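Chain A is the first sequence line, chain B the second, and so forth, proteins listed ahead of strands; every chain is numbered from 1. Treat the numbers as computed from the prediction; the structure is a model and nothing was measured.
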Amino acid sequence: MEAAGESLRDTELRLGLPGTDAPEKPASTVTRGGKRALPEDDEEGYAKSNKSSSSSEEEQGEGDLCGHEPPAAKAQVVGWPPIRSYRKNSLHARKVEGEAAGLYVKVSMDGAPYLRKIDLKGYKGYKELREALDDMFKCFSLGEFPRKEGCSGSEYAITYEDKDGDLMLVGDVPWEMFISSCRRLRIMNGSEARGLGSRH
Amino acid sequence: MVGGFRWAAMFPDEVWEHVFSFLPADADRNAAALVCRAWYRLERRSRWRVFVGNCYAVEPAAAVRRFPEVRAAAIKGKPHFADFNLVPSDWGGGAEAWVEAMAEGWPHLEELRLKRMVVSDDCLELIARCFKNFKVLSLVSCEGFSTAGLAAIAANCRYLRELDLHENEVEDNCLHWMSHFPESCTSLVTLNIACLEGEVNVSVLERLIGRCPNLKTLRLNHSVPLERLVGLLHRAPQLVDLGTGKYAAQHHPELFSRLESAIAGCKNLKGLSGFWEAGPTFLPAIYSVCEGLTSLNLSYATIQGPELIKLISRCKNLQRLWVMDLIEDEGLIAVAASCKLLQELRVFPSDPYGAAQPISLTEHGLVAISAGCPMLHSVLYFCRQMTNAALLTVAKNCPNFTCFRLCIMEPHTPDYITRQPLDAGFSAIVESCKHLRRLSLSGLLTDLVFKSIGASANRLEMLSVAFAGDGDAGLHYILSGCKNLRKLEIRDCPFGDKPLLDNAAKLETMRSLWMSSCSVTLGACRQLARKMPLLNVEVINERKRGLPLELQPDNCPVEKLYIYRTVAGPRSDTPSCVWILR
């Protein structure tokens, strides 16, 4: 299923988590004034990669990855714009509220050591979602995803927790309704998922 | 001088003290204290209010010794850029040394105001125990304490008038801290708990404010539901300043009318803030008090332009407005038309990090305000585009600016029409506004703007610079000009060693200088420290924590530099990422 190029990519050492095509870290550049750029470690976030205000749309694409995943956030400069932490936290709290309504949700997979987060708004429907999850978790080589309708031999089921806290099987409700009520996703071990329904 | 001595002896001490009581300004008192030894002695015994702009500028014990009768103290700790996470969290600014010295030497202390300091619960307990007459505690942008510390204050400060907690990071480990206010506590005038994260027992709060008839300022935190606001307002209709809690609820016509009438019942209301999660539904409930408002803070409310306009157009007497950029140019044009008494405007970004949907808040809004509000003197404006022409117009319209802070959010942004640097615009501001005391720059700027600032900004006390300038000349212009400069903070500018060393003496006339991500080397800092014994030259390098500074070569770049004048010598509480050069 994977092209030769893809498997080569898989063995490449990179900084991103497996399953992502994270962009290269933006090069710490020298700004207009010839400011000295300090050695590698850019935890300070010295100047974003030189996308000055005069740069146009074509440079936006650099942040964009392959298809499914939303564009990576612009590299942020520490402490800029100058907004107090207190105010930033309030803004963030409001965004978190937005998340609870079903935008950025956590995705856990039984047996995987860590979780992922995805933006449900980045997908047009269930098919894209399944493909994205497949892509994200395939590195755990824990089996095939329930891709096809009526594929009863699959080992995993994709479930989600809705606004009421109930565990639901993904795919029953219209997509729009799903993304507005989904709080988190859980890829369940097939044996546990048996009781949830015969669709997959 | 002998002549001075005789002259001073003509009147008994009490007369001189009475005379000095007409000198409230510290600068005037400091001057009087230098006249002769007698005046020095008299003045120090009659000073009851001290302001310490940098907690490390003087030893606490020395300050306490010199002014034994102090009743009110205000102390500031971390540099301003700590607000933006540029200062390591363990840098310093601890309040213990001061609180211990004060407990020892100022047992009659009544007021303590701390800003950007690390205040522990132990400090709060010490305050609660040692100052029998304690009345006012104000903590702004502080951290290190919890609600357990607040419980101690509540329980022990019998005459507490003001508890003002503004934007602090407070750990919430004592849910019922407010229950520690005894029944006998009836003296509260100000209670500001807006920054607390945790739940508040509203019934306890109701009883507390019910027994404090002099309560003028009440600022709630976001956990207080809208329904309970009604009850609180019924118990405190005399309020002058109200910070609401959460300003959203399930829509309910009954709740709306109860809220509306409760607010209308507060006939003295002049200031409103809070409005967490406010939507359009309950905003009209405050319409009845709009005409009397002088201060309105909507900067935590994501209300859209049209609702904002409807609200603010009713506030004809507004003097201070803090709002989100959701107000857009159109909203500011409406403000300019309605709020003719406006003095201070702050516009905050609703989405500082996103490219998001473009908000139509541009230079036009700022120009409209400058044209429509003749009393405007203080501006903080976050936007994404600016032109020199707009700034020239603003400068012409508002020669009375005392504070002008413009933040164009993308660094190095030029005039978007001419593509030129914004030197001309900011130069116009400093040349026109002769009373300008505070200025923050942004956008694409060359050394030229610093030449104008150095030459024209004679009253400037505080300057903030980021991502600006071409080279050393820029910094040199500032340090060799700006006669009254007290605080200078710079980040990400190509300023190096030469202007620092050439203007070393200037640094002793200022409170402090902060430089981060510039082009300063360790060698220059060493030279500076050797040359100026009354400066603490702090080199902050988080990457090299714990490494012995002596081994680093002179050409080692300095990540962050904080220089301040002091009579206390090097401080003893530096963390591993801070070296004080001597």
Side-chain angles (χ1 to χ4, degrees), chain A residues 28-57 59-64 70-98 100 103-104 119 121, chain B residues 80-86 141 166-169 195 222 276-277 299-300 302 348-355 382 384-385 405 407-414 416 419 440 442-444 446-447 464 466-471 474 491-496 516-519 542-543 557 559-560:
Chain A
S28 55
T29 56
V30 177
T31 59
R32 263 198 87 253
K35 170 181 74 63
R36 186 191 315 233
L38 290 176
E40 51 285 330
D41 194 349
D42 76 338
E43 64 189 322
E44 295 256 277
Y46 290 116
K48 299 177 261 194
S49 42
N50 215 353
K51 293 177 168 58
S52 68
S53 57
S54 57
S55 75
S56 53
E57 291 72 39
E59 289 201 49
Q60 300 290 44
E62 261 182 73
D64 227 316
K74 265 159 63 154
Q76 284 177 29
V77 179
V78 171
W80 192 266
I83 301 171
R84 285 194 182 176
S85 324
Y86 180 78
R87 190 169 287 279
K88 261 196 304 194
N89 294 340
S90 298
L91 283 177
H92 174 70
R94 217 172 306 115
K95 293 212 157 102
V96 166
E97 302 241 347
L103 298 166
Y104 270 95
D119 179 6
K121 286 213 156 157
Chain B
H80 174 237
F81 273 176
D83 285 355
F84 317 128
N85 298 332
L86 289 178
S141 301
H166 185 80
E167 295 187 2
N168 303 292
E169 274 184 42
C195 65
H222 65 80
W276 280 286
E277 295 165 57
S299 64
Y300 293 100
T302 44
F348 295 95
S350 54
D351 189 10
Y353 306 112
F382 282 83
R384 292 187 189 276
Q385 65 184 53
R405 294 190 282 165
C407 179
I408 304 164
M409 288 195 272
E410 182 79 24
H412 308 301
T413 304
Y416 74 96
R419 312 308 290 166
S440 296
S442 59
L444 183 65
T446 72
D447 285 342
S464 308
F467 305 102
D470 304 315
R491 63 164 295 176
D492 293 273
C493 297
F495 300 147
S516 55
S517 307
C518 297
S519 305
E542 291 173 272
R543 265 172 260 226
E559 227 177 80
K560 299 176 181 175

What's the separation between atom OG in A:S85 and atom CD in B:E167, rounded to the nearest 0.5 Å?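 Going from the OG atom of A:S85 to the CD atom of B:E167 covers 9.5 Å.
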Quick check: do B:H166 and A:Y86 have side-chain heavy atoms less than 4.5 Å from each other?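 A side-chain contact under 4.5 Å is absent here.
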Heavy-atom side-chain contact between A:R87 and B:S299 under 4.5 Å: yes
Select one option (side chain, backbone, both, neither) describing which atoms of [X] are under 4.5 Å from chain A's heavy atoms.
| X | result |
| --- | --- |
| B:F495 | neither |
| B:F382 | side chain |
| B:S141 | side chain |

Is the charged tip of A:R84 near the ring of B:F84: under 6.0 Å from the six-membered ring centre and within 45° of its axis?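 Here A:R84 fails the 6.0 Å and 45° test against B:F84.
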Might you point out which heavy atoms bring B:R491 and A:V78 nearest each other, and give the distance in Å? NH1-O, 2.8 Å
Any donor and acceptor pair, going by atom type alone, linking the side chain of A:W80 with main-chain N or O of B:M409 inside 3.5 Å? yes
